[in-house]
Chemist: 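First the structure, then my questions, so here it is.
Residue numbers begin at 1 in each chain, while the letters A, B, ... track the order of the sequences. Values below: every heavy atom of this structure, side chains too, minus hydrogens, waters and symmetry copies.
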Amino acid sequence: MSVVFDNLDVFLEGMRRTLELSVLSFAIAMVLGTIVAGFRVSPVPPLRWAGTTYVELVRNTPLLVLMFIMVFGFPSIGLTYSYYVSAIIVLSAYTGTFVSETVRSGINAVSTGQAEAARAIGLTFPQTLSLVVMPQALRTVVAPLGGIFIALLKNSSLAVAINVPELTSAAEDIGTATASFIPAYLGAAAAYLMLTVPSGFAVAWIERKVAIKR
Amino acid sequence: MRRYRWLGAVLAVVAMTAAACGEGDDDGTVSPGGGQSSDTTLARPTFPGGTTMANLQSRGRIVVGVKYDQPGLGQRNPTNNRVEGFDVEIAKLIALGIFGGSPNDIESKIEFREATTPNREVFIENGTVDMVVATYTINDARKQRIDFAGPYYIAGQDIMVKRDNNRIRGVNDLAGTKTCSVRNSTPARNIQERVPQADLTLFDQYSDCVQALRDGRVESVTTDNSILLGFVAASPNEFKIVGNKFTDEPYGIGVRRGDDAFRNFINDRLEAIYASGEWARAFEATLGRLGIPVPTPPRVDRYTSGGAGATTTTAPGGATTTTTVAATTSTTRA
Amino acid sequence: MTAPFLGDALGPRGRRTTRIVSVLSALVIAGFVAVAISRLGDRGQLDESRWEPFTDPSVQRFLLEGLRATVEVAVVSMIGAIVIGALMALARLSRTPPVRWLATTYVEFFRGVPLILLIFFSAFGLPSYGVDLSVFWYLALGLIIYNGAVLGEIFRAGILSLDRGQSEAAYSLGLTYWQSMLLVVIPQAARRMIPAIVSQLVTLLKDTSLGAAIGYFELLRRARVTGEFYVNPLQALFVAAVMYIIVNFALSRLARWLEVRQRRRFGAGSISVTGVEDLAVVGAQAQAAMGGAGGTAT
């Protein structure tokens, strides 16, 4: 196990990278997913269609395939980004699908009385959505969203396939260099748990804080 | 619950089928045919009991780790589901020395598996494969975990660039530029040591590097010249090799550490095919088609293994040996 | 599927706005798609030579073999995961604290680490302990351990989502804890879990693509090899993506249909487990398909 402590700086750097990737991607995914959820419940058919297509296409494809398509396919559309940015785009897009569906279920959970009241005082559809429904919807789906963030922490490990190093690749490199894989992987597992378990607690705390007291 | 009984039955049937098929997930069973031009059919040799060769004979097949994505050396062809390349031909020739028979149906005794760069040592150590012939550079670090027979070819690290790039002429020109290789590979490590100022992009396979070069994300790809040549040949008019090799990469055949009997057998077999011309013919049919002239085969290195069961072996044998085709038992060489 | 919470139908101004936005957004979307296609064409990605290999039956067979390998390991792993998951769920609901604690540790540990790490550990770590399996089983082992933990959570949520009245009635009849669990609770909870199992199968199928890293020759790896052989990597990836999407989409629809049917028939709520992405999606879609507010249990 000394392998871990000898290379502690590499592990910590990997943890930092993983966290950075995940937090940035999640922030974008939240915005993207909320907007797409809005599309999917809107009365405008092309928006609904676009949202549905996006969700169904992206979530049914393995994340690795999406990564490769982004890096090896998108330059042909003229969209060439750095590998790091590409990883964030892919992770955001993939996670955004789950965010969108979760938020949509949250929207559906808000009682229709709220929307009716909003209409009654003359709010338009976008206003109803953003001022009345979304704030309530988001507060009810904090737990599932937290789960999605934790899943994203784990999914970020695939970024290594497109030249974006993070915690798992750090463990691989150390394992290969020192020929002691098991300590390296155990170290990485411990590091991931140090990220995911506190995240779980944080999510529970947030959920309690924003819970709608009825 | 009654309605779900049929579902349970279906699941059970699927499970049993899957479990039955799962074990031999064959990525390599191949229909025999169209191999080398027929040499004489080899008689099936006998080996001392307990040696790897005897065990392979009784098992009836050998599992070989090769590359699936390197043109000219080890590449899986989707149209006929066969693996093709120089490494593959070497593996076939060695298998011929174990099982006897003719080159045309030796493939039925070989199960090929993909041995990517990081997997090679592990596959040998845990017995997933019996030997690895996959652009496997011999070096001391690897000798800590496995043993090498051979070398059977000496490649060298070189650089590939786009056709119109005249800026990069040698390894030192890589400083300050973006270059690409495979993670945790020997070429990558060489660059990290020799030219740390190079901006190294790392992927899991070389074809990703080639695509990055094509898209202009990197300025060069660096690895063994034999591998690079395959890519140049696959995309003519796009790339070129700088042609200034700066290392020697001896390709060896990876076997389990300490298995001296097997290693000696393979080395004997290599020397045999050097002398008989089969090695040269295999080269011509694969790497030779990429424009590399057939070199003289390298001398095999019969080093003393650090592994358990190491026996003292003498200095490397000479280049010429008597070609005893019939019985290739493992003997201590004089 | 119009917004369920609009309350009343759109008036003339609303309808006009909607129509304008519809036309505009349709134009914008079509514009993006057109630009993308034309750029692809400029780069030669739509050339017939790049797509032609996929009309070759042997190439098709090559890829379908990959699909078969993918489905094979997914089904076998799912069965193993169901077994482990059932054990874990029961253990977590056990009355004996050490058993409960062990199961909780298992679940929390394996749900907190990435699957790729488990697979690497299985394929690169286990052999040094003398474990000697084929690549298929290393991959399956990783998938089973991981999904066993996930399904354990799902099963536990399913059991807990059952109305307490059921187990209370069982106790009042004199059944012990385990008798009530095995005879009353589980049979009823089990049917709730089926849509969850199917949706988790979707996740499993996607996760099999990680097997390429340890040498399992499944669909994604085969597609990449094909793309490299014919120098058409984008087209090969596209074909692979389409294959995955078709299979997963069909399974998701099946899961959604099962979920809706179950809600209608048994009035059951959905099972909600955090971090299980596809399950959340299926739940949301089933909810929407049923036209609005369905409760979430647990």
Chemist: List the atom of C/G112, the atom of A/Y192, and the distance in Å for their closest heavy-atom pair.
Modeler: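 Residues C/G112 and A/Y192, closest heavy atoms: O-CB, 3.7 Å.
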Chemist: Is C/I245 in contact with chain A via its backbone, its side chain, both, or neither, using a 4.5 Å heavy-atom distance?
Modeler: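 Its backbone and side chain both get close to chain A.
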Chemist: Flag the pair A/N60 / C/L251 as yes when at least one side-chain heavy-atom distance between them is below 4.5 Å, and no otherwise.
Modeler: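 Contact flag for A/N60/C/L251 side chains = no.
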Chemist: Can you pull the ring pair (Phe, Tyr, Trp, His ring centres under 6.0 Å) pairs that have at least one residue in residues 132-166 of chain A, sequence neighbours excluded?
Modeler: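 Qualifying pairs, neighbours excluded: A/F26-A/F149.
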Chemist: State, with a plain yes or no, whether a side-chain heavy atom of A/S157 is found less than 4.5 Å away from one of C/L117.
Modeler: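 Contact flag for A/S157/C/L117 side chains = no.
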Chemist: Residue by residue, which of residues 32-39 of chain A have a heavy atom closer than 4.5 Å to a heavy atom belonging to chain C?
Modeler: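 Listed by number: none.
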Chemist: Determine the option with the most heavy-atom pairs under 4.5 angstrom with chain A, choosing from C/S252, C/P233, C/A240.
Modeler: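 Counting heavy-atom pairs under 4.5 Å, the top option is C/S252.
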Chemist: Hey, what do you get for CG (A/L64) to OH (C/Y244), rounding to the nearest 0.5 Å?
Modeler: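 Rounded to the nearest 0.5 Å, the CG-OH separation comes to 8.5 Å.
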Chemist: Counting only non-hydrogen atoms closer than 4.5 Å, does A/L158 touch chain C with its backbone (N, CA, C, O), its side chain (CB onward), both, or neither?
Modeler: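 The answer is the side chain of A/L158.
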Chemist: Rounded to the nearest 0.5 Å, what separation is found between the CG atom of C/L126 and the CD1 atom of A/I182?
Modeler: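 Between atom CG of C/L126 and atom CD1 of A/I182 there are 7.0 Å.
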Chemist: Would you say that A/T196 contacts C/R111 through its side chain, given a criterion of any heavy-atom pair below 4.5 Å between the two side chains?
Modeler: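 No, every pair of side-chain atoms sits at 4.5 Å or beyond.
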Chemist: At a 4.5 Å cut-off on heavy atoms, which part of C/V202 comes close to chain A: side chain, backbone, both, or neither?
Modeler: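 The answer is the side chain of C/V202.
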Chemist: Can you tell me how far OG of C/S122 sits from OH of A/Y185, rounded to the nearest 0.5 angstrom?
Modeler: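 With rounding to 0.5 Å, OH (A/Y185) is 11.0 Å from OG (C/S122).
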Chemist: Working to the nearest 0.5 angstrom, can you tell me the gap between C/N248 CG and A/L57 CG?
Modeler: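 Here the interatomic distance stands at 12.0 Å.
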Chemist: Could you look at C/L220 and say if it's the side chain, the backbone, both or neither that has a heavy atom under 4.5 Å from chain A?
Modeler: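 Side chain of C/L220 only, per the 4.5 Å heavy-atom cut-off to chain A.
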Chemist: So which atom in A/P43 and which in C/T18 form the shortest heavy-atom distance, rounded to 0.1 Å?
Modeler: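 Closest approach of A/P43 to C/T18, heavy atoms only: O-CG2, 3.5 Å.
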Chemist: Flag the pair A/I69 / C/F238 as yes when at least one side-chain heavy-atom distance between them is below 4.5 Å, and no otherwise.
Modeler: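 Of all side-chain heavy-atom pairs linking C/F238 with A/I69, none is under 4.5 Å.
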Chemist: Using the rule side chain to side chain contact (heavy atoms under 4.5 Å, CB included), only one of A/P45, A/S42, A/P46 pairs with C/S25; which is it?
Modeler: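 It is A/P46; the other options fail the test.
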Chemist: If you take all heavy atoms of C/A241 and A/V65, which pair is closest and at what distance?
Modeler: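 Minimum heavy-atom contact is CB-CG1, 3.9 Å.
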Chemist: Can you see which heavy atom on C/K206 is nearest to which on A/R59, and at what distance?
Modeler: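 Reported closest heavy-atom pair: NZ-O, 2.7 Å.
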Chemist: For residues C/L234 and A/F72, determine if any side-chain heavy atom of one lies less than 4.5 Å from a side-chain heavy atom of the other.
Modeler: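 Side chain of C/L234 against side chain of A/F72, heavy atoms only: no contact under 4.5 Å found.
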Chemist: In terms of heavy-atom proximity below 4.5 Å to chain A, should C/R13 be classed as side chain, backbone, both, or neither?
Modeler: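 Contact with chain A is absent: no heavy atom of C/R13 under 4.5 Å.
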Chemist: Determine the minimum heavy-atom distance between C/E108 and A/L193, stating which atoms define it.
Modeler: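 The pair with the smallest heavy-atom distance is O-CD2, 4.0 Å.
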Chemist: Could you check whether atom CH2 of A/W49 has more than 12 heavy atoms from other residues, nucleotides or ligands sitting under 6.0 Å from it?
Modeler: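 Atom CH2 in A/W49 is not packed in, count stays at 12 or less.
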Chemist: What part of C/I116 gets closer than 4.5 Å to chain A, counting heavy atoms only: side chain, backbone, both or neither?
Modeler: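 Only the side chain of C/I116 comes within 4.5 Å of chain A.
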